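Just so we're on the same page: letters track the sequence lines, and every chain starts at 1. Bear in mind the structure is a predicted one, so any value in this text is a computation, not a measurement.
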Number of protein chains: 2
Amino acid sequence: MPQPFPATRNTDQSLTQAERTARAEAGMIETAIELLNTVGIQGTTLVAIGDKAGYSRGLVSHHFGSKAGLFRAVLKRITANWTADLHTALDDRTGIAAIGAAIDAHLAHVLRHPEYIRAQNILWGAALDPSSEFKPNVAEFMQIQRESVAAWVRGGQKSGEILPEINPQRIAEQYYGGLIGINSQWLVSPDFDLAAAYTDFKRNMVRLLSAPTTQIRKPDTLNREERQ
Amino acid sequence: MPQPFPATRNTDQSLTQAERTARAEAGMIETAIELLNTVGIQGTTLVAIGDKAGYSRGLVSHHFGSKAGLFRAVLKRITANWTADLHTALDDRTGIAAIGAAIDAHLAHVLRHPEYIRAQNILWGAALDPSSEFKPNVAEFMQIQRESVAAWVRGGQKSGEILPEINPQRIAEQYYGGLIGINSQWLVSPDFDLAAAYTDFKRNMVRLLSAPTTQIRKPDTLNREERQ
DNA sequence: GATAAACTTGCTTGTCACTAACAAGTTTAT
DNA sequence: ATAAACTTGTTAGTGACAAGCAAGTTTATC
């Protein structure tokens, strides 16, 4: 039954098939993230998802094929969210400035959406499993992230602020590994000082990338700069 | 029936209760590690452990209380193994030398016992889960590891090779995070160059800790040193 | 000091509530 | 009416626990 005012379609009465699908899938993904954060991967059962999202226990399988399929979709959604945040934060920067801004954005993102980060890392942990169905997705995501970082380094090398001897791929590995490691420690230890670790990481990263000529100063000056 | 030669007790015929227990627990732990590496945490069922270890499916619960209890024991065993390796590698070193030696030992250990590292990380991943029963164990282990690193830094500060302004705790977080992050990337991406990442990490760590006076050189000299 | 009963511990099997997946249905949009 | 979204019935497999059996170990008795 076609409604006269398409703008008010989502008044719970009659929805387009596409709308129903979108609403159901989004609801289940959101519910899964919530459950992952509260009762973990074990407690995130199909029944629990269905109950909390207002559907039956069978709908997850219908839409995502399997529980692993739903988790794949969760990762996809989280990744998209982070990528959007990063793009607006970067704003066409490259080189050292891009890396610094990215680390800042990362910290802000973690503090803003801790439940996303937690869910992401829980699923990444599950991906280490040899029988994991979404390990390739995780590997690919990391590969793409590293490639961005390597591109920033190459940009800095083009402009001369980063020495040409530095290997962009190696920096990308260190950069990305550092972020993963900091997050891992924070997720396990509730009293871990995330902000301090991030700012320290940023300072170290910038120092490693800066050409040695910028470090030929008197120790006093250097230290004051470090504290800033 | 008491045997005349206690030294030949373990000839598969008649075992002391203690011997039986030790053999059974060690067998199940070893089997669990093997299964974690091949079929993952999902495939590591009580039935599979019992089958592979030559016991029944009920013995795990009997000895370790639960599946989580077994995994706790697995982590304990892996940790003990790594700690022993580290101690022999360190040999009373402190300061930058200790950190360098520890990173080398870490790489050697990962290459020597990849199945241990993989199992450890799979279980750590599971520990991120809010319902995890052994998250405190993981957090405590990380805390102890960080304390060691911080002690090395303080040692280096005492001898003067590390600047007093450097925060040992922050360094420990970066150090440990870096190792976790590198391992995580390697575990997910089969073609990840682990050795290259480790040597790069070591070089960066040493550079960060070295007093700036050692960096006031001509760029040429610095670069040659970097390549070594 | 040998020997058998009393006891303890290692280990297995039966059972139960719960889970994911799939197939066969019912309801809703087109 | 027909195809999609969604629900319900069913099944094989899971971890935990309890009851029971089979070894090993201690103690009492001769």
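Note: CD (E19(A)) to P (dT28(C)) measures 17 Å, nearest angstrom. Taking atom NE2 of residue H62(B) and atom C1' of nucleotide dA22(D), one finds them 13 Å apart after rounding to whole Å. In this structure, R23(A) places its CZ atom 17 Å from C1' of dA4(D), rounding to the nearest Å. Atom CG in L70(B) sits about 11 Å away from atom P in dG15(D), given to the nearest Å. Atom pair M28(A):CE and dA5(D):P shows a separation of 11 Å (rounding to whole Å applied). Rounded to whole Å, the distance from CZ on R20(B) to P on dT9(C) is 13 Å.
Salt bridge annotation for E25(A)-R20(A): absent, with no cationic side-chain nitrogen under 4.0 angstrom from a carboxylate oxygen. Between K52(A) and E34(A), at least one side-chain N (NZ, or NE/NH1/NH2) sits under 4.0 Å from a carboxylate O, which counts as a salt bridge. Comment: E173(A) engages R170(A) in a salt bridge, judged by a side-chain N to carboxylate O separation of less than 4.0 angstrom. Comment: E140(A) does not engage K135(A) in a salt bridge, judged by the lack of any side-chain N to carboxylate O separation of less than 4.0 angstrom.
For K67(B), the side-chain atoms get nearest to dA16(D) when compared with the rest of dA16(D), dA20(C), dT30(C). Listed candidates were dT30(C), dG24(D), dC6(D). Nearest to the side chain of L59(A) is dC6(D).
Residues R146(A) and Q169(A) have side chains not in contact (no heavy-atom distance under 4.5 Å, counting atoms from C-beta outward).
Base pairing analysis places dT15(C) opposite dA16(D); the two distances defining the Watson-Crick or G-U wobble pair are each below 3.5 Å. As the counterpart of dA20(C), dT11(D) is assigned, both hydrogen-bonding distances of the Watson-Crick or G-U wobble pattern falling under 3.5 Å.
Taking only side-chain nitrogens and oxygens, S61(A) never comes nearer than 4.0 Å to OP1 or OP2 of dA20(C). Distances shown here put a side-chain N or O of H63(B) below 4.0 Å from the OP1 or OP2 atom of dC11(C).
Annotation: proximity of residues 41-58 of chain A to DNA chain D (heavy atom, distance under 4.0 Å) is found for Y55(A), S56(A), R57(A), G58(A), numbered in ascending order.
Put simply, NZ on K76(B) and CG on N81(B) are 15.0 Å apart, with the number rounded to the nearest 0.5 Å.
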Kindly determine whether H106(B) and W82(B) satisfy ring-ring contact (aromatic ring centres under 6.0 Å, His included), including the steps that lead there. CA-CA 9 Å; H106(B) 224 288; W82(B) 158 238; 4.5 Å; yes

